[in-house]
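Here it is, the structure in full.
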Amino acid sequence: MYEYQQSGRYFAQVADDIKDIAETELLELGAVETSPSYRGIYFNANPESLYRINLHSRLINRVLAPLKTFDCHSDNYLYKVGQQIHWEDFLNPEQTLAVFASVTQSNINHSKFAALRLKDAIVDYFREHAGKRPNIDTRNPDLWLNVYIEKNVAVISVDTSGGSLHRRGYRMESTQAPMSETLAASIIRYAAWNGQTPLYDPLCGSGTLLCEAYLAATKTPSAYMRKKFGFERLPDYDAVLWAKVKREADNKVQPISNNLIQGSDIDLKAVTTAQKNSAIIDPATQIKIIQKDIFEIEELEDTTIICNPPYGIRMQQEKDLSAFYKNLGDFLKQRCTNSTAYIYFGDRDYIKHIGLRSAQKWILSNGGLDGRLVKYEMY
Ligand SMILES: C[S@@+](CC[C@H](N)C(=O)[O-])C[C@H]1O[C@@H](n2cnc3c(N)ncnc32)[C@H](O)[C@@H]1O
């Protein structure tokens with residue numbers, strides 16, 4: 001029996017800033033005994049909930065199922081323990097694998113080296129036991145493995161998601177400074193958008209916020225386009241149970257009204273990209289995206305406005321955007337009566353230029369940048 005089978009305990013990798021809403025999401029999807037930790041949340045789940053979490057979670061990056069935890073003071077020992085696991089429980093030599101590692105405060109002090117040693121152990125294991133070795137594929141392997149070593153304690157886990165869940169499958173093209181799907185999903189979640197009030201992103205770029213809003217409103221699972229999950233490689237994988245979880249999810253998908261979700265951008269290339277991306281999840285093109293300068297929008301009343309204005313850090317523009325943010329504040333004040341805006345600032349220095357009193361603020365970093373989500377209510 002492997003560790004996750006004995007304990008029913010898993011680790012969800014998630015960005016530190018959104019652990020509060022990610023924990024709530026995990027509980028909604030059937031996790032129990034959640035316990036937030038550094039860069040993730042430990043939780044217990046039965047196989048059905050594990051499958052459901054992987055299919056539906058909009059906020060977590062991946063779920064790890066621990067196989068073995070052990071003291072590990074050298075790469076030779078990692079290799080030795082790596083050879084003791086019965087790898088034929090997880091894959092056959094015709095299939096492919098990849099090992100990802102992360103190490104901290106340990107004798108083995110290079111992640112890539114740890115990954116390499118475990119990979120060697122597995123490959124040698126197969127050579128000895130099957131006379132054949134599986135190939136490595138770091139982009140789309142059948143088996144995704146993870147080794148985490150902290151203070152010389154190692155955990156070897158299967159990535160039950162099969163690669164990061166932020167890859168929803170709808171972003172075929174991107175524009176300048178697109179935001180990650182999980183960040184966009186967390187903004188929709190913090191906004192507590194009810195899926196009824198019209199939602200508009202007037203600076204939509206590649207359309208990530210619009211796509212995440214669409215998935216939320218239609219109750220479409222975030223991983224519904226994913227072709228294979230890592231949990232399918234677990235020895236106790238139950239295909240009948242997985243089919244049931246999928247069927248239940250399919251039955252819950254609901255249509256939305258036309259014009260519920262709309263967006264625009266000044267840049268034609270961004271608009272084309274957003275239209276192409278959104279058409280992948282929304283073939284009926286209910287998400288309406290047009291080319292328009294935000295300052296030419298006459299009014300956006302009774303609307304949930306969600307957007308991510310340009311910011312210099314990512315775009316490497318020297319340009320001072322203070323005037324842009326002042327105009328954005330004026331636009332919200334003068335033309336958005338009765339609307340609520342959630343503005344994501346990639347550079348929080350610009351918050352002061354908007355000239356509006358905030359109703360709420362969240363720290364939300366974006367790929368290492370110290371961003372803020374700010375809520376404004378217009379009357
Ligand atoms: C940070 S990007 C938005 C990224 C988007 N959230 C995504 O995930 O792709 C900011 C966007 O604002 C657009 N923009 C800048 N000035 C604008 C204006 N005056 N009117 C409309 N869009 C504008 C840019 O073209 C750019 O696509």
Side-chain angles (χ1 to χ4, degrees), residues 58 166-191 193 199-216 222 261-282 287-300 303-332 334-336 341-351 353-354 364-374:
R58 307 193 187 282
H166 83 269
R167 287 200 203 96
R168 315 280 205 232
Y170 62 71
R171 190 184 277 165
M172 304 312 278
E173 287 183 33
S174 69
T175 49
Q176 253 195 338
M179 61 169 38
S180 90
E181 294 84 340
T182 31
L183 175 65
S186 66
I187 292 172
I188 303 292
R189 178 108 193 187
Y190 279 126
W193 179 52
L199 180 144
Y200 199 104
D201 178 352
L203 304 160
C204 73
S206 61
T208 321
L209 284 160
L210 298 173
C211 288
E212 289 301 321
Y214 177 87
L215 293 178
S222 30
I261 300 173
Q262 301 187 54
S264 49
D265 198 286
I266 198 168
D267 177 21
L268 182 59
K269 187 165 173 292
V271 171
T272 315
T273 302
Q275 285 170 338
K276 273 191 197 156
N277 287 345
S278 63
I280 293 170
I281 49 166
D282 167 34
I287 307 175
K288 297 284 178 303
I289 303 167
I290 56 163
Q291 184 185 16
K292 203 169 185 82
D293 181 340
I294 182 172
F295 303 118
E296 279 172 13
I297 298 175
E298 274 171 32
E299 47 101 31
L300 267 184
T303 301
T304 299
I305 300 167
I306 302 194
C307 66
N308 166 212
Y311 49 99
I313 307 173
R314 257 295 160 77
M315 300 190 165
Q316 292 167 345
Q317 289 163 345
E318 292 303 319
K319 214 161 85 182
D320 179 10
L321 294 165
S322 329
F324 179 91
Y325 280 86
K326 187 192 168 297
N327 293 339
L328 176 61
D330 291 346
F331 167 77
L332 292 172
Q334 293 156 9
R335 295 190 229 169
C336 303
Y342 295 84
I343 313 284
Y344 182 71
F345 294 83
D347 181 349
R348 65 197 164 99
D349 277 353
Y350 286 121
I351 297 175
H353 296 288
I354 212 157
L364 214 45
S365 45
N366 179 21
L369 299 178
D370 184 22
R372 293 288 181 278
L373 175 66
V374 188

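For the single chain, residues carry numbers from 1 onward in sequence order. The shown structure was predicted, so the numbers you read here are calculated from the model rather than taken from an experiment. Indexing begins at 1, ligand by ligand and atom by atom, following the structure's order.
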Q: Please identify which atoms of ligand 1 are closer than 4.0 Å to at least one heavy atom of P178.
A: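 The atoms of ligand 1 under 4.0 Å from a heavy atom of P178 are 7 (C), 8 (O), 9 (O).
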
Q | Close approach of K292 to ligand 1, heavy atoms, under 4.0 angstrom | A |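 Yes, K292 has heavy atoms under 4.0 Å from ligand 1.
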
Q | Ring geometry between F331 and F295 (parallel below 30°, tilted from 30 to 60°, perpendicular above 60°) | A |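 Aromatic pair F295/F331 classed perpendicular.
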
Q. Is the closest heavy-atom distance from C204 to ligand 1 below 4.0 Å?
A.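 C204: in contact with ligand 1 (<4.0 Å).
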
(Q) Between R171 and T208, do the side chains contain a donor N or O and an acceptor N or O under 3.5 Å apart? (A)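 Result is yes, a qualifying pair exists.
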
Q: Working to the nearest 0.5 Å, report the span between CG of D267 and CG of L203.
A: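 Output value for this atom pair is 11.5 Å.
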
(Q) Among L210, I266, N308, I294, which one puts a heavy atom closest to atom 10 (C) of ligand 1? (A)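 Closest candidate by heavy-atom distance is N308.
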
Q: Considering the heavy atoms of D267, write down every atom of ligand 1 situated less than 4.0 Å from one of them.
A: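 Once the distances to D267 are compared, the set is 25 (O).
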
Q. Would a line drawn from the ring center of Y325 to the ring center of Y350 be shorter than 6.0 Å?
A.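 They qualify: ring centres under 6.0 Å apart.
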
Q.
Whether R58 and E181 form a salt bridge (side-chain N of Lys/Arg under 4.0 Å from carboxylate O of Asp/Glu) is what I want to check.
A.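 Here E181 does not pair with R58 in a salt bridge, since their nearest N and O are not under 4.0 Å apart.
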
(Q) As an exercise, identify every atom of ligand 1 less than 4.0 angstrom from a heavy atom of D293. (A)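 Listed by number with element: 18 (C), 19 (N), 20 (N).
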
Q. When only distance counts, is M179 in polar contact with ligand 1, meaning an N/O pair under 3.5 Å?
A.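 N/O-N/O distance below 3.5 Å exists for this pair.
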
Q) Numbering the atoms of ligand 1 from 1, which are under 4.0 Å from a heavy atom of P202? A)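 So the atoms of ligand 1 that pass are 21 (C), 22 (N).
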
Q: Calculate, to the nearest 0.5 Å, the distance between atoms OG and CG belonging to S180 and N366 respectively.
A: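 Answer for the OG-CG pair, S180 versus N366, is 6.5 Å.
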
Q | ligand 1 atoms in contact with S206 (distance to a heavy atom under 4.0 Å) | A |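 Once the distances to S206 are compared, the set is 7 (C), 8 (O), 9 (O).
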
(Q) Minimum distance, heavy atoms only, to atom 26 (C) of ligand 1: which one of T208, N366, D265 is it? (A)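 It is D265 that holds the nearest heavy atom.
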
Q. Going by heavy atoms in the side chains, are Q262 and L199 under 4.5 Å from each other?
A.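 The answer is no; the side chains never approach within 4.5 Å.
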
**Q.** Enumerated ligand 1 atoms positioned under 4.0 Å from heavy atoms of P309
**A.**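 Atoms satisfying the 4.0 Å criterion: 1 (C).
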
Q) Under 4.0 angstrom from ligand 1, any heavy atom of F324? A)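 Contact present.
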
Q: Might you confirm whether atom NZ of K288 has over 12 heavy atoms from other residues, nucleotides or ligands at distances under 6.0 Å?
A: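 Yes, enclosed.
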
**Q.** Distance (rounded to the nearest 0.5 Å) between Q275 CD and D265 CG
**A.**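 Rounded to the nearest 0.5 Å, the CD-CG separation comes to 11.0 Å.
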
Q) Is there at least one pair of N or O atoms, one from R171 and one from ligand 1, spaced under 3.5 Å apart? A)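 N/O-N/O distance below 3.5 Å does not exist for this pair.
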
